[in-house]
Amino acid sequence: MSSTVYQDEVIILKVKDWQTADKYAVCFSRAHGKVPFIAYGARYARTTGGRLIQPFALLDVQLYSGKRLDSLKTCELIALPQQLDIKQMAYASVVAEVTEALTEEHQPQEDVYELLVSAVNLLVRNNPRLVALSALCKLLVLTGFAPVYDVCVNCGKEVTGNAFFSVVQGGLICEDCHGGEELLFDSGARKMLEELLVLDFNDPQPFTVRGGDLMQLEQILYRFIVYQIDKPLKSLSFLAQLGL
């Protein structure tokens, strides 16, 4: 029985060499969600399409459906990202790795696709650290992993002042319920979370950023994500190596 061919717009999340001359890639598509695939012969110099299979490229692809892995039939370039410097690439890689970890294969989520495309476009023009953090906040909501940040997950009380965050319980802990093991989650960090959640990537408006709030929110979200996916993020290790 011949394989089914389908066509879609995709953004490439990850690429690695596969066997002698092939590439293994993971993309996120507009209509089919996350799709891992093999591009046979893509590492041969004469293979024009193979050169397009690179991280964060936006492509129009035709894929053969397979029992275990889909495979690339053809691809055409829609857009390559603007030249990313090492810092921009590092933060884009965090967003890509978290997307791959939090989404299921062949589960359509066009809003995630749109988020990824707009995030990569924005982080080459704006602060990549903030853009990546905003993308992660939005991604957690879209994938159903959003932490609770407005009421205490233990007692349900609304919290307006400083509080704490439980990675295990997935949300805010008020001072009355604080047990000593939770992370600090001050009101400034929660306000930043709210601002990042509503940040318009097509028309980003400036807002005040305090370094302490940014570091606190990053610590909370990264630890929460690692707990949810139950494995370390390689991209975070790369950020640490760069001193970012």
Side-chain angles (χ1 to χ4, degrees), residues 33 91 94-104 107-116 118-119 122-123 126-233 235-236 239-240 244:
Y91 281 109
V94 174
V95 177
E97 186 177 4
V98 173
T99 301
E100 183 184 1
L102 293 183
T103 54
E104 300 292 333
Q107 296 297 315
Q109 285 186 278
E110 187 173 358
D111 46 7
V112 172
Y113 171 81
E114 295 287 358
L115 172 65
L116 293 171
S118 58
L122 184 62
L123 65 76
N126 291 61
N127 186 323
R129 185 178 180 183
L130 286 176
V131 174
L133 197 60
S134 177
L136 294 179
C137 292
K138 295 172 184 287
L139 185 63
L140 287 169
V141 173
L142 294 176
T143 55
F145 288 93
V148 176
Y149 65 91
D150 52 351
V151 298
C152 176
V153 295
N154 278 338
C155 66
K157 181 175 67 176
E158 185 177 354
V159 180
T160 57
N162 294 336
F164 303 88
F165 185 89
S166 171
V167 171
V168 176
Q169 294 176 266
L172 190 73
I173 301 291
C174 70
E175 291 186 330
D176 293 338
C177 298
H178 172 47
E181 301 297 325
E182 298 85 4
L183 301 170
L184 285 173
F185 196 14
D186 294 339
S187 57
R190 298 204 305 280
K191 180 174 176 57
M192 177 175 287
L193 172 59
E194 293 174 347
E195 290 172 328
L196 292 175
L197 279 170
V198 299
L199 182 65
D200 185 350
F201 284 1
N202 295 316
D203 184 25
Q205 299 299 311
F207 60 91
T208 301
V209 176
R210 292 181 61 251
D213 294 335
L214 176 59
M215 294 177 65
Q216 188 180 108
L217 184 57
E218 279 182 328
Q219 181 188 43
I220 287 171
L221 288 181
Y222 288 152
R223 288 195 184 184
F224 176 68
I225 290 169
V226 168
Y227 180 82
Q228 293 298 317
I229 65 177
D230 196 26
K231 63 179 181 180
L233 290 167
S235 53
L236 289 186
L239 280 180
L244 299 175

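These values consider heavy atoms only, across backbone and side chains, with no hydrogens, waters or symmetry-generated copies. Position 1 is the first residue of the sequence; numbering continues from there.
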Please confirm whether the backbone N or O of [Y] pairs with a side-chain atom of [X], one donor and one acceptor, at under 3.5 Å?
{"X": "D200", "Y": "N202", "answer": "yes"}
{"X": "N162", "Y": "S187", "answer": "yes"}
{"X": "S134", "Y": "L130", "answer": "no"}

Rounded to the nearest 0.5 Å, what separation is found between the [atom1] atom of [X] and the [atom2] atom of [Y]?
{"X": "D176", "Y": "C155", "atom1": "CG", "atom2": "SG", "answer": "6.5 Å"}
{"X": "Y113", "Y": "T99", "atom1": "OH", "atom2": "OG1", "answer": "13.5 Å"}
{"X": "Q216", "Y": "L221", "atom1": "CD", "atom2": "CG", "answer": "10.5 Å"}
{"X": "F165", "Y": "F224", "atom1": "CZ", "atom2": "CZ", "answer": "5.0 Å"}
{"X": "L142", "Y": "E110", "atom1": "CG", "atom2": "CD", "answer": "12.0 Å"}
{"X": "L133", "Y": "N127", "atom1": "CG", "atom2": "CG", "answer": "10.0 Å"}

Evaluate the side-chain proximity of [Y] to [X]: yes if any heavy-atom separation is below 4.5 Å, no if none is.
{"X": "F207", "Y": "L196", "value": "yes"}
{"X": "Y91", "Y": "L239", "value": "yes"}
{"X": "L102", "Y": "L140", "value": "yes"}
{"X": "Y149", "Y": "L197", "value": "yes"}

How close do [X] and [Y] get, counting heavy atoms only, and between which atoms?
{"X": "C152", "Y": "C174", "answer": "SG-N, 3.4 Å"}
{"X": "F164", "Y": "E182", "answer": "CB-CB, 3.7 Å"}
{"X": "V151", "Y": "L172", "answer": "O-CB, 3.4 Å"}
{"X": "K138", "Y": "L115", "answer": "CD-CD1, 3.6 Å"}
{"X": "L183", "Y": "R223", "answer": "CD2-NH1, 3.2 Å"}
{"X": "L214", "Y": "M192", "answer": "CA-SD, 3.7 Å"}

Would you call E194-R190 a salt bridge at under 4.0 Å N-O?
no
Indicate whether any N or O donor in one side chain lies under 3.5 Å from an N or O acceptor in the other, for [X] and [Y].
{"X": "S235", "Y": "E97", "value": "yes"}
{"X": "N154", "Y": "Q169", "value": "yes"}
{"X": "Q228", "Y": "D230", "value": "no"}

When you look at T143 and L139, which way does the side-chain contact (heavy atoms from CB on, under 4.5 Å) test go after all the steps?
CA-CA 6 Å; T143 55; L139 185 63; 4.0 Å; yes
Take V94 and Y222 through the side-chain contact (heavy atoms from CB on, under 4.5 Å) test and state the conclusion after the steps.
CA-CA 10 Å; V94 174; Y222 288 152; 4.1 Å; yes
